[in-house]
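Pasting in a structure now, in structure tokens, and then I'll have a few things to ask.
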Amino acid sequence: MNPLLEIRNMDHYFAGLKAVSDFNLSLQNNEIVGLIGPNGAGKTTVFNLITGLHKPTSGEIIFRKQPIHGQKPYIIAELGIARTFQNIRLFLDMTVIENIKVAYHYQRKYGIFSAFMSSKSAEEHEIEMSDAAIDLLEIFDLDKYAQNKAGSLPYGQQRKLEIARALATQPALILLDEPAAGMNPVEADQLLHTIHDLRNRFKVTILMIEHQMRVVMGVCERIKVMDFGETIAEGLPEEIQKNEKVIKAYLGENT
Amino acid sequence: MKIPYILKKHKVIISLLFLYLVIVLTYRTGWLSSYLLQIIMFVGINIVMTVSLGMINGFTGQFSIGHGGFMAVGAYASVFLTTIIFQMAGSSVPGQSLLGYAIFFPAVLIGGLCAALTGFLIGLPTLRVKGDYLAIVTMAFSEVIRTIIRVSEPLGGPRGVSGIPSMTNMAIVMVFTVLSVWLMRNFLASTYGRASRATRDSEIAAEIMGVNTTQQKTLVFTTAAFFAGCCGGLYAHILQFIHPDNFTFMKSLEYLIYLYIGGSSSISGAMTGAVVFTAIPELFRSFQIWRMVIYALLLIVIMLFRPNGIIGDREFSFIKKNNT
Ligand SMILES: Nc1ncnc2c1ncn2[C@@H]1O[C@H](COP(=O)(O)OP(=O)(O)OP(=O)(O)O)[C@@H](O)[C@H]1O
Ligand SMILES: [Mg+2]
């Protein structure tokens, strides 16, 4: 089967600092894969490269047989890759429902002229968008906050909203950057269920960065470990837990 | 198709008609001086200027500080069509005649389109880059426009253009203001408006959600420039004499003050700022020199106690859309 995403020999430098080195990854449809590693390993940079925020220094990224490296982020989004951010980036001064509706903008069904005239079709499409947004918010139990400003939500809800918003773009691949960061064990467990659920309900492939081992080991089918930009291990959760290099990398971080 | 919508809004329409009648009647009976009538027309134009500036600065999070430059483009382009070409041909300028208006309305529109084109041309390369380049470029632009006009003999050069017919009247200003605010309100409440606010709140997240932020910013900037251009055309045909110095950086600064005092990410705020701060200097005219002191103090007080503007980011009920 053709992989959904294929990254080959990707390198990335920041002014001489090699943040990502010879990175290779192949994701099949409907997989949940974990990307772990100590602080500064280059995990977020990999996400930034996939979503077009950075252009790889070399190597290629193929999504659904199409090269996407060097493409604009909004085009990559349209092609079907969505993400969340390590430091949440919601539209804080917009309402919760509007945050979701922004994701529908690229699929808008009315033009600028209709927008200015507030035409009947524009109004109807707005209602369609609102209905779809509410449906999505319900799944995340966020519908009661629909009219609240996103900035007024508690931290855990903001994380959930960001995942919901990413799903609203109807992606085939979703990249989650530390979704459980700052959550207590109960919240993290709930999130685990949500993520499993998502994969089945939305038929998405998930690539996830996560520090909380409980979450990673609980949800990921495959794990890739990075340290100083290099891939140091790759395999099943049980294999990774026993891997010498991985243990050293994590212990090294603590001493 | 639009009728039932307008009927639903009849409360607003009736209030506006009433307002119009009051203004015209008080003017006819001599209560309202023609000077004050002119101020009221400026209020309308300033509302459109401020709301359109708010589209860029408040709703899209860019920082344009040369909005007066687009006004200048619109003013000179329309005056060129209604006045200058006739003066150059040595014929008389058509005034408030059928022919006069047949030229005037398209001329104002063309003024708006020229401003929009200018906005597009300076916006496209500038808005592509992140950061505060727009502020520098728009400020430079408004100065460059003045310099170009100054050295252009056909545009009256440093002497300005006189003999512009008085075409703009209260009815025209009112229809223009209401229509413009209505159009901008619809736009801002649409998916395009949301894409703008998303760009303002987080440009990176907006891109990641599939918003072409460069296109969005350019669209808003161009649209706002169009409205400012139309304002310039109407303004010139009230003043009947325009000069490059009508459009100095101070003019642009006025609109920034109206906007941030009223509330930059609110149409109602922009309108309030424009109304209050066009009227206040006139109300205090009898205080002579103290007028500017009062004005400045008022600005400081408002900024201290309402840092997000008088209105903040709320909207009056007649601006809000029913469905959101
Ligand atoms: N925009 C940037 N400019 C320069 N250097 C950067 C930039 N972004 C990241 N880096 C550097 O690249 C390296 C990898 O950073 P990255 O954020 O990808 O790490 P990470 O694995 O996500 O770490 P963490 O677990 O702390 O989030 C770090 O040394 C970091 O300082
Ligand atoms: Mg990171």
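Reminder, nothing fancy here: chain letters follow the sequence lines and each chain counts from 1.
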* Structure fact -> Counting heavy-atom pairs under 4.5 Å with chain B, the top scorer among A:H105, A:E78, A:E162 is A:H105
* Does a side-chain N-to-carboxylate-O contact under 4.0 Å join B:E315 and B:K320? -> no
* For A:A166, is it the side chain, the backbone, both or neither that has a heavy atom under 4.5 Å from a heavy atom of chain B? -> backbone
* Asked: Hey, are A:T84 and A:D177 close enough side-chain-wise for a donor-acceptor pair under 3.5 Å?
  -> no
* **Which atoms of B:T223 approach chain A - backbone, side chain, both or neither, heavy atom under 4.5 Å** => side chain
* **B:F70 CZ to B:C114 SG distance, which is reported to the nearest 0.5 Å** => 12.5 Å
* Sidechain N-carboxylate O distance under 4.0 Å for A:E98, B:R197 -> yes
* Axial cation check for A:F91 ring with A:K149, 6.0 Å and 45° limits -> no
* Between A:F113 and A:F116, does the ring centroid distance fall short of 6.0 Å? -> no
* To do: Check each atom of A:Y110 against the heavy atoms of chain B and say whether the ones under 4.5 Å are side chain, backbone, both or neither.
  => both
* Asked: Are the aromatic rings of A:H12 and A:F23 close, with centres under 6.0 Å apart?
  -> no
* Asked: Who wins among A:A168, A:A77, A:G52, A:A115 for the most heavy-atom pairs under 4.5 Å with chain B?
  -> A:A115
* To do: Below 4.5 Å from any heavy atom of chain A, which atoms of B:L188 appear? Answer side chain, backbone, both or neither.
  => neither
* Asked: Charged N to carboxylate O under 4.0 angstrom, A:E126 versus A:K101?
  -> yes
* Measuring heavy-atom distances to chain B, does A:R108 have an atom under 4.5 Å in its side chain, in its backbone, in both, or in neither? -> side chain
* Region of A:I75 that comes under 4.5 Å of a non-hydrogen atom in chain B -> neither
* Report the option among A:M129, A:Q107, A:R89 that has the most heavy-atom pairs separated by less than 4.5 Å from atoms of chain B. => A:R89
* Per-residue contact mode, A:A103 against chain B (heavy atom under 4.5 angstrom) -> both
* Heavy-atom distances under 4.5 Å only: say whether B:E203 touches chain A with side chain, backbone, both or neither. => neither
* Asked: Looking at B:T213, B:L183, B:N212, which has the largest count of heavy-atom pairs under 4.5 Å with chain A?
  -> B:N212
